[in-house]
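Accompanying notes for the structure given below.
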Amino acid sequence: MPNDRNVARALLDRQGRTYAEEAGISLADRPGPLYQLLVLTTLLSTRIRAGVALAAARELFAAGYRTPRAMEAASWQDRVDALGRGHYRRYDERTATMLGTGAQLCLDRWHGDLRRLHREADGDRTALRRLLTQFPGIGPTGADIFLREVQTIWPDVRPYADRRALAGARRLGLPANPGGLAGLVGEADFGRLASALVRVSLGQESVGEVKTAAAR
């Protein structure tokens with residue numbers, strides 16, 4: 001049987017991209033990429049397939065809505081149309097409204113820069129979650145998504161593994177707690193591992209195939 005480190009490494013080799021990377025976001029501690037992650041989080045928070053949310057995010061960014069100023073300036077119909085091109089149709093009208101309202105909140109409270117939100121929380125994850133859930137469409141699950149992804153660039157958030165990531169860990173027989181998982185990979189790889197574990201929990205990656213690869 002492969003050991004836990006080998007399983008984690010095999011999983012990273014197969015599914016080593018974060019959702020932000022898959023959406024075309026070059027995540028960095030700068031206003032633009034952080035806002036783009038907020039948009040992606042809003043899209044992933046609804047009851048819709050992750051692939052559709054990712055496609056919709058790419059369409060919004062391709063349309064130029066990469067900053068809160070650009071998102072707020074776009075018409076509601078323009079946002080609906082971009083979501084539709086990504087096949088994000090079930091919740092498109094409601095989500096278009098939330099994106100506009102969220103962009104305005106980002107501008108009004110954080111001057112378009114979510115690093116200010118990070119500084120206000122001052123390393124307190126509970127405070128970060130509370131601030132994130134003030135954005136329309138982002139509840140506890142959405143806050144988990146944002147923190148799971150942003151830990152790749154905000155070291156004070158690591159190691160962060162939400163309910164879905166831990167469910168994936170259980171399916172693979174890995175430690176079902178952030179500390180135990182953190183011991184399996186380098187610190188810089190933990191965010192990627194968490195995203196990969198979510199794919200396992202969603203059935204987007206085969207437990208059997210990961211374990212076979214780990215045993216080679």
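Predicted model, so just to flag it, every value in this text is computed and none were measured.
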Query - Expected output: side-chain R69 to main-chain G112 donor-acceptor under 3.5 Å - result: no

Query raised in the report: Ion pair present between R192 and D189, side-chain N to carboxylate O less than 4.0 angstrom?
Result: yes

Distance-only check: which donor-acceptor pairs under 3.5 Å involve side-chain atoms of residues 166-180, not counting sequence neighbours?
{"residue": "R171", "atom": "NH1", "partner": "V200", "partner atom": "O", "Å": "2.8"}
{"residue": "N177", "atom": "OD1", "partner": "G179", "partner atom": "N", "Å": "3.4"}
{"residue": "N177", "atom": "OD1", "partner": "G180", "partner atom": "N", "Å": "2.6"}

Query raised in the report: Is the backbone of L43 close enough, under 3.5 Å, to the side chain of T46 for a donor and an acceptor to pair up by distance?
Result: yes

Report task. Using atom types as modelled and distance alone, determine if a side-chain donor or acceptor of W154 lies under 3.5 Å from a backbone N or O of L147. Result -> no

Query raised in the report: Just how far is it from atom CG of L40 to atom CD1 of I25, taken to the nearest 0.5 Å?
Result: 5.0 Å

Solution key, residues 128-139 side-chain donor-acceptor pairs under 3.5 Å, sequence neighbours excluded:
{"residue": "R129", "atom": "NH1", "partner": "D144", "partner atom": "OD1", "Å": "2.4"}
{"residue": "R129", "atom": "NH1", "partner": "Y160", "partner atom": "OH", "Å": "2.9"}
{"residue": "T133", "atom": "OG1", "partner": "R129", "partner atom": "O", "Å": "3.1"}
{"residue": "T133", "atom": "OG1", "partner": "R130", "partner atom": "O", "Å": "3.0"}
{"residue": "Q134", "atom": "OE1", "partner": "R109", "partner atom": "NH1", "Å": "2.6"}

Report task. Using a 4.5 Å cut-off on heavy atoms from C-beta on, say whether the side chain of T141 contacts that of R163. Result -> yes

Query raised in the report: Is L99 linked to L107 within one hydrophobic cluster, defined over Ile, Leu, Val, Met, Phe, Trp and Tyr using a side-chain heavy-atom separation of less than 4.5 Å?
Result: no

Requested in this report: Please indicate whether R164 has more than 12 foreign heavy atoms, meaning atoms of other residues, nucleotides or ligands, lying under 6.0 Å from its CZ.
Outcome: no

Requested in this report: Determine yes or no for a side-chain-to-main-chain donor-acceptor pair under 3.5 angstrom, with E149 supplying the side chain and A20 the backbone.
Outcome: yes

Report summary line: In this structure, CG of L60 is separated from CE of M71 (nearest 0.5 Å) by 5.0 Å

**Report entry** Value rounded to 0.5 Å, distance of NE2 in H111 from CG in L117
**Finding:** 12.5 Å

Report task. Spell out, yes or no, whether L202 and I145 are grouped together once hydrophobic residues are joined by side-chain heavy atoms under 4.5 Å, including indirect joins. Result -> yes

**Report entry** Exercise: do R89 and H87 side chains pair donor with acceptor under 3.5 Å
**Finding:** yes

Query raised in the report: With a cut-off of under 6.0 Å to the ring centre and 45° to the axis, is R199 in cation-pi contact with Y19?
Result: yes

Query raised in the report: Any donor-acceptor pair under 3.5 Å linking the side chain of R79 with the backbone of E93?
Result: no

Report task. May I ask you to decide if R148's main-chain N or O and Q151's side chain share a donor-acceptor pair within less than 3.5 Å? Result -> yes

